[in-house]
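To keep things clear, I will list the structure first and then write my remarks on it.
In the text below, chain A, chain B and the rest are named by the order of the sequence lines, each starting its count at 1.
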Number of protein chains: 2
Amino acid sequence: MEKNVTALEPSAEAVPGDKDSASKQIPPAAVARMTLYLRALNSLLAEGVERVSSDALAEASGVSSSTLRKDLSYVGSYGTRGVGYEVQYLSRHIAAALGLTHDWKVAIVGAGNLGKALARYGGFESRGFDVVAILDADPMVIGNEVGWLRVSDAANLELVLQRTGTNMVVLALPAAVAQDVCDRVINAGIRSILSFAPVLLQVPPHVNLRKVDMATELQILAYHAQRAQTPGQAL
Amino acid sequence: MEKNVTALEPSAEAVPGDKDSASKQIPPAAVARMTLYLRALNSLLAEGVERVSSDALAEASGVSSSTLRKDLSYVGSYGTRGVGYEVQYLSRHIAAALGLTHDWKVAIVGAGNLGKALARYGGFESRGFDVVAILDADPMVIGNEVGWLRVSDAANLELVLQRTGTNMVVLALPAAVAQDVCDRVINAGIRSILSFAPVLLQVPPHVNLRKVDMATELQILAYHAQRAQTPGQAL
DNA sequence: CCGTGTGAAGAGGTTCACAGCG
DNA sequence: CGCTGTGAACCTCTTCACACGG
């Protein structure tokens, strides 16, 4: 799902001799899986496990061990042959490769049911993301408390983003206004956006947009369910 | 994004001579995009547009026109050469290919912030999904009104799923209990599950599981943002 | 003549199998 | 001897270019 609207500029890597550069390109599919490894590693860390083999980590992440080893090879050789990986060491290096060495400041635009749910969702802080603001345009909602925050007026969007030092924005608003707000967010200098609005958002190439749409996910499930239900209809 | 944990059994299509079958396999990536086409077509339909070219529809869906035409070729030839596609006709056929000819009954397990947000989200009904139940285990929450529904006791999970005729389940609950509930849902006969829990769920091969995780999405954004910020550090 | 539909080429991702190191 | 790291084969998806039909 998803995982699709990744803006890659092929022309950006025109320099041929950056083979030795520490930051090679990591395939998008591998980046997505890295988050799974990180999650599994942090679970192991919480359990006090110190070392793990590629087989074990792969199973805990739900991928094949060859995929895991290939993915890890993109960021470097952090294992010990014949032994495995040191959990904390590997966790640190994957986090670094993903850019999670410092916290990211996230603002949520839209304080409807979904926006509030996201703002109160505890899973962000523990993974390097600080929700620093939540905004809405509805006067009935502005000023309400949501978790530790108070809903700001979306009219002051640019000001709030600047004051809070926001560098990522989550759009949790109706389709009709999503593109307008998205444009303002981009004009305010934000280049990473996660949208829950069920519309196609137009963004310039330097902006990174990811989309999550529950209706889309259900439709994909419906396709597979329908296939399973009518296997021999054509025969 | 996502869009990844699709259970495909390669052994299931051992029959070689089903070339003429009306329901050929559609590539997973194409299925995901079909939902975009459907959304764009329904927008056009609402605007009263009757015909559309592959170029126009592709732009409205955010894909290339060659991708669009290739995708449509998986479900059949519904266009007119030199003219384009009839909007309603194509919309119907894509919906049929995705199994959206009848409504699907969805139950939401977990009536926390996210579960409530999903239950009240209007985007489901309009796209062929009926939310028929919402459940929780917390006595403080059971019986509360959420949209048109009342929160059922998760202790009666199996009974509620059966009575409502549910055929899809959305898991909106904490990681700690997700696997337990997931197992019960599967035992109750559900084979399509959409999980928002940030854990790896173990499911048998005949069950279709899709996952959505906001933290994962933000981490992927972080990776790209970090790359953009430190372009020449290695040079 | 125009836009669809499609084989063929190309790119990207996954799996395999084993070399290499501890 | 065991497990990691990786080139190579394999497979899927995307893009290209043009034949085909209205």
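- Within 6.0 Å of atom CD in B:E59, 12 or fewer heavy atoms from other residues, nucleotides or ligands are found, so the atom counts as exposed in its surroundings.
- A:Y78 places its OH atom 17 Å from the P atom of C:dG22, with the value rounded to the nearest Å.
- Contact annotation for B:R33: backbone-only contact, meaning every heavy-atom pair under 4.0 Å involves sugar-phosphate atoms and none involves a base.
- Side-chain N/O atoms of A:T67 include one lying less than 4.0 angstrom from OP1 or OP2 on C:dT15.
- Remark: B:R69 is not in phosphate contact with D:dT15, judged by side-chain N or O atoms under 4.0 Å from OP1 or OP2.
- Note: CG (B:L68) to C1' (D:dT14) measures 13 Å, nearest angstrom.
- Listed nucleotides: C:dT14, D:dC13, C:dT6. Nearest to the side chain of B:P27: D:dC13.
- For the pair A:S66 and A:G82, both in contact range of DNA chain D, the more 5′-proximal nearest nucleotide belongs to A:G82.
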Next on the checklist: Walk me through whether A:N167 and A:S192 qualify under side-chain hydrogen bond (donor to acceptor under 3.5 Å, both in side chains).
Outcome noted: CA-CA 7 Å; A:N167 37 30; A:S192 301; over 6 Å; no
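- Residue A:R81 places its side chain closer to C:dG22 than to any other of C:dT6, D:dT14, C:dG22.
- Dashed line: the shortest gap from a side-chain N or O of A:T80 to OP1 or OP2 of D:dT4 is not under 4.0 Å.
- Distance A:E86 CD to D:dC3 P: 18 Å, rounded to the nearest Å.
- When the side-chain nitrogen and oxygen atoms of B:Y85 are compared with OP1 and OP2 of C:dG5, one or more of them lie within a distance under 4.0 Å.
- Between A:S54 and the phosphate of D:dT4, there is a side-chain N or O to OP1/OP2 separation shorter than 4.0 Å.
- In this entry the distance linking CG of A:L72 with P of C:dG13 reads 16 Å, nearest Å.
- Note: A:F129 and A:F124 have perpendicular aromatic rings, judged against thresholds of 30 and 60 degrees for the angle between ring planes.
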Checklist entry - Does the side-chain contact (heavy atoms from CB on, under 4.5 Å) test come out yes or no for B:V170 and B:V131, once each step is laid out? => result CA-CA 10 Å; B:V170 175; B:V131 179; over 6 Å; no
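- More than 12 heavy atoms of other residues, nucleotides or ligands sit less than 6.0 Å from atom CZ of B:R184.
- A:L90 has its CG atom 14 Å from the C1' atom of D:dG5, to the nearest Å.
- Side-chain nitrogen and oxygen atoms of A:S64 include at least one within less than 4.0 Å of the OP1 or OP2 phosphate oxygen of C:dT15.
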